[in-house]
2 protein chains.
Amino acid sequence: MTTSKPDATVLRTFAPERHDHRRCVSTALSKADAACTASGLRLTPLRRRVLELVWGSHTPVKAYDLLAILGRERHQAAPPTVYRALDFLQEAGLVHRLASMNAFVGCGEPGGTHAGQFLICSGCGTVAELAEPGLSKTIAASAERLGFEVVRETIEIEGVCADCRRSKPRTGRGAASTAAK
Amino acid sequence: MTTSKPDATVLRTFAPERHDHRRCVSTALSKADAACTASGLRLTPLRRRVLELVWGSHTPVKAYDLLAILGRERHQAAPPTVYRALDFLQEAGLVHRLASMNAFVGCGEPGGTHAGQFLICSGCGTVAELAEPGLSKTIAASAERLGFEVVRETIEIEGVCADCRRSKPRTGRGAASTAAK
DNA sequence: AGTAAGCTTGTTAGATGATAACATCAAATA
DNA sequence: TATTTGATGTTATCATCTAACAAGCTTACT
Ligand SMILES: [Zn+2]
Ligand SMILES: [Zn+2]
Ligand SMILES: [Zn+2]
Ligand SMILES: [Zn+2]
């Protein structure tokens with residue numbers, strides 16, 4: 001889902017308990033329409049549908065899952081169909097590919113192309129997208145010292161989101177032995 | 001290659017002009033022997049050979065490249081052979097998998113398992129491994145604000161190393177039109 | 001030594017992820 | 001309308017990774 005007021009650096013936050021996800025989707029599609037119109041890109045029915053499917057899932061979507069769905073809807077769909085659409089959406093800055101899990105998520109702040117920074121919950125699979133300038137700065141500084149010029153950042157942090165921590169509290173919670181650290 | 005004196009945060013630096021890479025390999029193997037002995041893991045001939053091959057290449061190695069080499073040496077080698085060895089080596093903290101390019105590199109500081117931070121040169125393919133605590137700290141802080149508990153970090157920075165920048169200076173160097181930005 | 005248990009490797013088969021190459025169709029342009 | 005460009009359909013293939021079971025080694029115990 002998208003943040004209502006851009007929470008400092010959070011472009012896309014974890015899904016809250018209950019929310020009308022259809023609104024997330026339609027908002028994303030509207031933004032996409034606007035962005036493509038603005039930059040003269042063609043958000044064709046196929047591409048739009050793929051974007052809708054990507055947003056439709058709350059968790060990252062696999063290319064072959066999309067393929068299966070498209071195969072049912074249209075009566076033809078081969079891998080290139082979905083991969084081409086995804087390539088377009090990535091280049092348009094509308095979706096991101098998560099290298100660590102070969103899957104795709106809708107971008108929480110489309111428009112300008114940007115490398116994303118992601119928090120991926122291994123419990124529920126949801127993803128938050130950050131834009132933490134401090135992070136890029138720290139990276140750039142480290143790189144600088146080695147004379148390395150940064151072109152693209154892949155930052156994917158796996159862990160457990162707040163909801164999942166609440167529902168499955170770790171053993172030793174509170175002041176027990178294995179808790180700290 | 002490995003750093004002689006742990007350069008603050010650089011676990012594995014870019015390969016310099018000329019160096020005796022065989023020494024890098026044998027050093028890595030010795031460290032691996034020691035680490036496995038210490039933790040009671042079995043670095044079998046096969047696993048050791050795979051590690052040697054990974055280190056033998058200056059750049060990240062693909063699983064199927066290893067498979068091809070093993071196929072020549074032994075007269076039998078199927079995908080599970082190499083993937084199992086790589087799994088072992090990863091869990092033993094001897095190699096890292098680079099998710100952004102489906103390839104493997106030797107760990108510059110084996111022993112404790114750790115998530116790596118990598119600078120990958122798109123010019124020459126070499127990789128540097130960092131352990132920048134500031135980076136992890138910044139990430140942890142961002143995650144904290146969302147109640148997210150970090151488990152594993154995937155940080156892979158693509159760019160151009162110092163050597164490659166020198167040998168192929170970008171157009172517009174200095175004060176030209178396309179330079180800045 | 002004998003032998004059972006568990007780890008390691010061999011082997012076959014297949015799932016999943018991604019791309020090349022060419023044909024066809026639709027939209028934009030001249 | 002004719003031409004050109006871009007989007008999609010189609011077929012085939014490559015690349016990456018894993019499941020499942022069989023066979024071989026090591027280790028530990030009797
Ligand atoms: Zn949502
Ligand atoms: Zn984004
Ligand atoms: Zn390492
Ligand atoms: Zn380089």
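Lettering follows sequence order; numbering is per chain, from 1. Fair warning: this is a prediction, and the values are worked out from it, not measured in the lab.
In this structure, A/Met101 atom CE and D/dT18 atom P are separated by 14 Å, rounded to whole Å. When the C1' atom of D/dT16 is taken as reference, atom CG of B/Leu98 falls 15 Å away, rounded to whole Å. Straight-line distance from the CG atom of A/Asn102 to the C1' atom of D/dT16: 9 Å, rounded to whole Å. Put simply, CG on A/Leu66 is 15 Å from P on D/dT8, counting in whole angstrom units. If you take CG of A/Asp65 and P of C/dA18, they are 12 Å apart, rounded to a whole angstrom. If you measure from atom CG of B/Leu43 to atom P of C/dC7, you get 18 Å, rounded to the nearest angstrom. One can place CG of A/Leu46 at 17 Å from P of C/dC25, the figure rounded to the nearest angstrom. For B/Arg47 and C/dC7, the CZ to P distance is 11 Å, given to the nearest whole Å.
Nearest heavy atom pair, residue A/Cys161 against residue A/Cys124, reads SG-SG, 3.8 Å.
Relative to the ring axis of A/Trp55, A/Arg12 places its NZ or CZ within 45° and under 6.0 Å from the centre.
The side-chain hydrogen bond (donor to acceptor under 3.5 Å, both in side chains) test applied to A/Asp87 returns no partner, not counting sequence neighbours. Every side-chain hydrogen bond (donor to acceptor under 3.5 Å, both in side chains) that B/Thr59 has, sequence neighbours left out, goes to B/Ser57. Annotation: salt bridge (Lys or Arg N to Asp or Glu O under 4.0 Å) contacts of A/Arg23 (sequence neighbours excluded): none. Under the rule for a side-chain hydrogen bond (donor to acceptor under 3.5 Å, both in side chains), the partners of B/Asn102 that lie at least two apart in sequence or sit in another chain are B/Arg97. Scanning for side-chain hydrogen bond (donor to acceptor under 3.5 Å, both in side chains) contacts around A/Glu153 gives A/Ser136, with sequence neighbours left out. Scanning for salt bridge (Lys or Arg N to Asp or Glu O under 4.0 Å) contacts around B/Arg22 gives B/Asp20, with sequence neighbours left out.
For A/Lys62 and C/dT16, the shortest distance from a side-chain N or O to OP1 or OP2 is not below 4.0 Å.
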TODO: Using a 4.0 Å heavy-atom cut-off, write out nucleotides 23-29 of chain D from 5' to 3' as B (base contacted by protein), S (sugar-phosphate only) or - (no contact).
DONE: ---S---

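Side-chain polar atoms of A/Glu156 and B/Thr154 form no donor-acceptor pair below 3.5 angstrom.
For D/dA19, the base has no donor-acceptor partner in the side chain of B/Tyr83 [N/O atoms by modelled type, under 3.5 angstrom]. Counting atom types as modelled, B/Tyr64 pairs no side-chain N or O with a base atom of D/dC14 as donor and acceptor under 3.5 Å.
Contacts between residues 69-81 of chain B and DNA chain C, counted as heavy-atom distances below 4.0 Å, involve B/Arg74, B/Gln76, B/Ala78, B/Pro80, B/Thr81. The stretch residues 84-93 of chain B touches DNA chain C through B/Arg84, each having a heavy atom within less than 4.0 Å of the strand.
Annotated stems with DNA chain D as a participant read C:1-30 with D:1-30, given as range with range, by first number; only runs of 3 or more Watson-Crick or G-U pairs under 3.5 Å qualify.
If you take CG on A/Leu98 and CD1 on A/Ile155, they are separated by 12.5 Å, rounding to the nearest 0.5 Å.
Each ring pair (Phe, Tyr, Trp, His ring centres under 6.0 Å) pair with one or both residues in residues 123-167 of chain A, not counting sequence neighbours, appears once here: A/Phe148-B/Phe14. Screening residues 68-100 of chain B for ring pair (Phe, Tyr, Trp, His ring centres under 6.0 Å) gives B/His96-B/His114, B/His96-B/Phe118 as the qualifying pairs, with residues at least two apart or on separate chains.
For the pair B/Arg145 and A/Glu132, the salt-bridge criterion is met [side-chain N within less than 4.0 Å of a carboxylate O].
Heavy-atom neighbours of B/Gln76 CD from other residues, nucleotides or ligands within 6.0 Å: above the threshold of 12.
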